[in-house]
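The structure appears right after this line, and notes come after that.
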Amino acid sequence: MIEVEKKFSLATDDSSKLIAGAKSLGEKVFTDIYFDDESYSLTSKDKWLRLRDDNFELKLPMNNDLAASRRDIDQYNELTDENKIRKALGIREGKDLKKDLAAKGFRPFCSLVTTRKKYKKGRFTIDLDEIDYGYGLGEIEVMVESKLKIPGALEEIDNFAEENGLNLTRVRGKVIEYLRRFKKEHYQALVDAGVI
Ligand code: V4E
């Protein structure tokens, strides 16, 4: 299954209509620590390595024709298996990935605590995230079985958002907004690399 999602701003949009009649799936708090090296060799290629609480995760851009032809599609492959993450990063097998990352020059560049409220409405999953540095954003997600179904799912999300009074113009993700506010050099490097 492929997760198709779009973000919206909680600063400019009112989510009350969206949440009305939705089923609450609870709230959780998690910490993400993102890693890169001094030359931004991961993020400048749109690769996102994080430690979410105790688990490493690596998001890699899906390089396909569909994603290349449409700016509104941000599809990523997500690796959660440490051996696969090591392979993708060219790091030999070992016991302590954090240590091995440090030896390769990968250091934390951002730490975020997210409080996430989850809801289900029809076939849509809704996440409302509040980030500790003072930023709020929401996500509408649907699952599809194949890449062919991604454009249709994006259209469904657009219609669902419109019905609920939301504006899905491209919203900065929580990490990009963090860099824009607090790590200007890193932010500029990503603009220069065409990632943002
Ligand atoms: C994919 C990505 C980043 C990694 C964080 O991904 P995101 O979906 O924002 O985090 P989160 O916590 O909602 O993950 P989930 O729990 O859904 O797995 S940081 C930046 N990107 C891509 C990106 C980009 N290239 N350009 C812009 C303007 N925004 C985002």
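Both ligands and their constituent atoms are indexed starting at 1 by order of listing. Since we're looking at a predicted model, the values are computed, not measured.
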inquiry  = Do Arg50 and Tyr34 form a cation-pi contact, if we require the NZ or CZ to be under 6.0 Å from the six-membered ring centre and within 45 degrees of the ring's axis?
reply    = no
message = Using a 4.0 Å cut-off to any heavy atom of Val175, which atoms of ligand 1 qualify?
response = 19 (S)
query = Considering only heavy atoms, which of Glu177, Glu141, Glu139 lies nearest to atom 13 (O) of ligand 1?
reply = Glu139
Close approach of Glu57 to ligand 1, heavy atoms, under 4.0 angstrom = no
ask   = Can you list the residues that meet the side chain to side chain donor-acceptor pair (under 3.5 Å) rule with Glu139, with sequence neighbours excluded?
value = Lys7
task = Consider only side-chain N and O atoms of Asn159 and Glu155, and report whether a donor and an acceptor are under 3.5 Å apart.
result = no
Review item, side-chain donor-acceptor pairs of residues 16-27, under 3.5 Å, at least two apart:
| from | atom 1 | to | atom 2 | distance (Å) |
| --- | --- | --- | --- | --- |
| Ser16 | OG | Asp14 | OD1 | 2.9 |
| Ser16 | OG | Asp14 | OD2 | 3.0 |
| Lys17 | NZ | Glu163 | O | 2.9 |
| Ser24 | OG | Gly26 | N | 3.3 |

key: Backbone or side-chain N or O of Arg172 under 3.5 Å from ligand 1 N or O   = no
message = For Leu190, which part has a heavy atom under 4.0 Å from ligand 1: side chain, backbone, both, or neither?
response = neither
key: Criterion ring pair (Phe, Tyr, Trp, His ring centres under 6.0 Å) against Phe35, the qualifying member of Phe106, Phe56, Tyr40, Phe109   = Phe56
message = Within the structure provided, determine whether Leu179 and Thr43 are in side-chain contact (heavy-atom separation under 4.5 Å).
response = no
query = Which option out of Lys47, Glu78, Arg50, Lys174 puts a heavy atom nearest to atom 14 (O) of ligand 1?
reply = Arg50
query = Given Ile196, Val195, Leu179, Thr114, which one has a non-hydrogen atom that is nearest to atom 24 (C) of ligand 1?
reply = Val195
inquiry  = Please report whether ligand 1 has a polar contact with Lys7, defined as an N or O pair separated by less than 3.5 Å (distance criterion only).
reply    = yes
request  = Could you list which atoms of ligand 1 come closer than 4.0 Å to a heavy atom of Ile176?
outcome  = 20 (C), 27 (C), 29 (N), 30 (C)
ask   = Would you find a donor on one side and an acceptor on the other, under 3.5 Å apart, between the side chain of Asp129 and the backbone of Gly138?
value = no
ask   = Does an N or O from Glu3, backbone or side chain, lie closer than 3.5 Å to an N or O of ligand 1?
value = no
